[in-house]
Structure formats: structure tokens, C-alpha cells
Amino acid sequence: YLEDPASCKASQIPDNVPLLQEMNKRGQIVSTPAQDYDDSYCIEYAKKHNAYIVSNDKFRDHLDSITDISKKKMEKSWLSTHLISFAFHKDQFLPNPGCDFFKLYDKLLN
């Protein structure tokens with residue numbers, strides 16, 4: 001939808017397409033092929049860059065696709081410490097203050 005917003009349904013078009021296009025040009029957005037499973041890209045990118053994932057997705061499909069019980073347990077554990085859920089109140093972005101990221105941040109400050 002970044003290249004051709006007119007080809008999408010209204011519900012799929014972000015609020016600020018020009019901003020996303022600019023962020024994409026700066027390399028601040030990682031896009032995935034439309035036919036691929038984006039959860040895998042997101043999780044592997046975050047792991048590779050020691051990053052956090054800001055999403056309300058619980059990645060259940062991804063976890064369900066892992067058949068090895070020990071690998072599934074490790075993946076679930078990693079997600080529980082690297083996933084930041086969020087909400088919006090009017091125009092205000094509210095990341096979950098109870099997530100591990102903020103707990104770690106508080107420890108570093110104190």
C-alpha cells in the first residue's frame with residue numbers, strides 16, 4: 001500500500017501515507033512480501049537486532065506452527081520479554097507500562 005494506496009481498501013490505508021513513504025525511504029520500515037507470513041519476518045528481525053516488537057498481536061499462529069515443544073517454550077519465553085502491547089487514547093499512544101522493556105528501563109535508572 002505504500003506504493004499505490006489507491007489499490008487498497010480504505011481500512012487498509014494508514015492515516016499518514018506520506019510519512020510512511022518517507023520512513024520507508026530512510027530505511028526505517030521493513031516491508032515483507034504480501035504473500036509471505038509476516039510474523040516470522042518480524043520476530044527474526046527483532047531477534048537479530050536485539051529489538052522489541054510493538055504489537056498487540058500475540059503471535060499465536062507463529063507459536064502454533066512450532067512443533068518442537070522445547071523450541072516452542074523458548075520462543076514463547078522470548079516473545080513474553082520482547083513484546084510491547086499498546087493502546088490509544090484519542091491521539092495519544094500508550095505502550096503497556098507493565099511490559100518487560102519498561103521494567104528493565106526502570107532497573108537501569110535506579
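The basis for the numbers below is simple: all heavy atoms, side chains too, and nothing from hydrogens, waters or symmetry mates.
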Q: Same hydrophobic cluster for Ile69 and Leu63, using side-chain heavy-atom links shorter than 4.5 Å among ILVMFWY?
A: no
Q: Go through Val17 and Gln21 one step at a time and tell me if the side-chain contact (heavy atoms from CB on, under 4.5 Å) criterion holds.
A: CA-CA 6 Å; Val17 173; Gln21 290 170 329; 3.7 Å; yes
Q: With the side chain counted from C-beta on, respond yes when Asp36 and Tyr41 share a heavy-atom pair under 4.5 Å apart, and no when they do not.
A: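 Yes, side chains in contact.
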Q: Does Asn96 have any side chain to side chain donor-acceptor pair (under 3.5 Å) partners at least two apart in sequence or in another chain, and if so, which?
A: Ser85
Q: What distance separates Ile53 CD1 from Cys99 SG, expressed to the nearest 0.5 Å?
A: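 The CD1 atom of Ile53 sits 12.5 Å away from the SG atom of Cys99.
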Q: Keeping the roles fixed (side chain from Asp38, backbone from Thr32), state whether a donor-acceptor pair exists under 3.5 Å.
A: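 Checked: no pair found.
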Q: Phe88, Phe102: one ILVMFWY side-chain cluster at the under-4.5 Å cut-off?
A: yes
Q: Got a second to check how far Leu19's CG is from Met23's CE, nearest 0.5 Å?
A: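 Leu19 CG to Met23 CE: 5.5 Å, rounded to 0.5 Å.
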Q: Cluster question for you: counting only ILVMFWY and a side-chain heavy-atom cut-off of under 4.5 Å, with indirect links fine, are Trp78 and Leu83 together?
A: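 Same hydrophobic cluster.
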Q: What's the separation between atom CD1 in Ile66 and atom CG in Asp61, rounded to the nearest 0.5 Å?
A: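 Reported to 0.5 Å precision, the distance equals 11.5 Å.
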Q: Look at Glu75 together with Lys71 and state whether they make a salt bridge at an N to O cut-off of under 4.0 Å.
A: no
Q: Out of curiosity, Ser65 OG to Arg60 CZ, how far, rounded to the nearest 0.5 Å?
A: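 Those atoms lie 14.0 Å apart.
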Q: Check for me, please, whether Ile84 and Leu94 land in the same ILVMFWY cluster - side-chain distances under 4.5 Å, paths through other members count.
A: no
Q: What pairs of residues pass the ring pair (Phe, Tyr, Trp, His ring centres under 6.0 Å) test when at least one of them lies in residues 46-77, not counting sequence neighbours?
A: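 Counting only pairs at least two positions apart or across chains, the ring pair (Phe, Tyr, Trp, His ring centres under 6.0 Å) contacts touching residues 46-77 are Tyr45-His49, Tyr52-His82, Tyr52-Phe101.
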Q: Would you indicate whether Lys47, at its atom NZ, is surrounded by more than 12 heavy atoms from other residues, nucleotides or ligands within a distance under 6.0 Å?
A: yes
Q: Find the distance between CD1 (Ile43) and CG (Asp57) and round it off to the nearest 0.5 Å.
A: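 Answer for the CD1-CG pair, Ile43 versus Asp57, is 8.0 Å.
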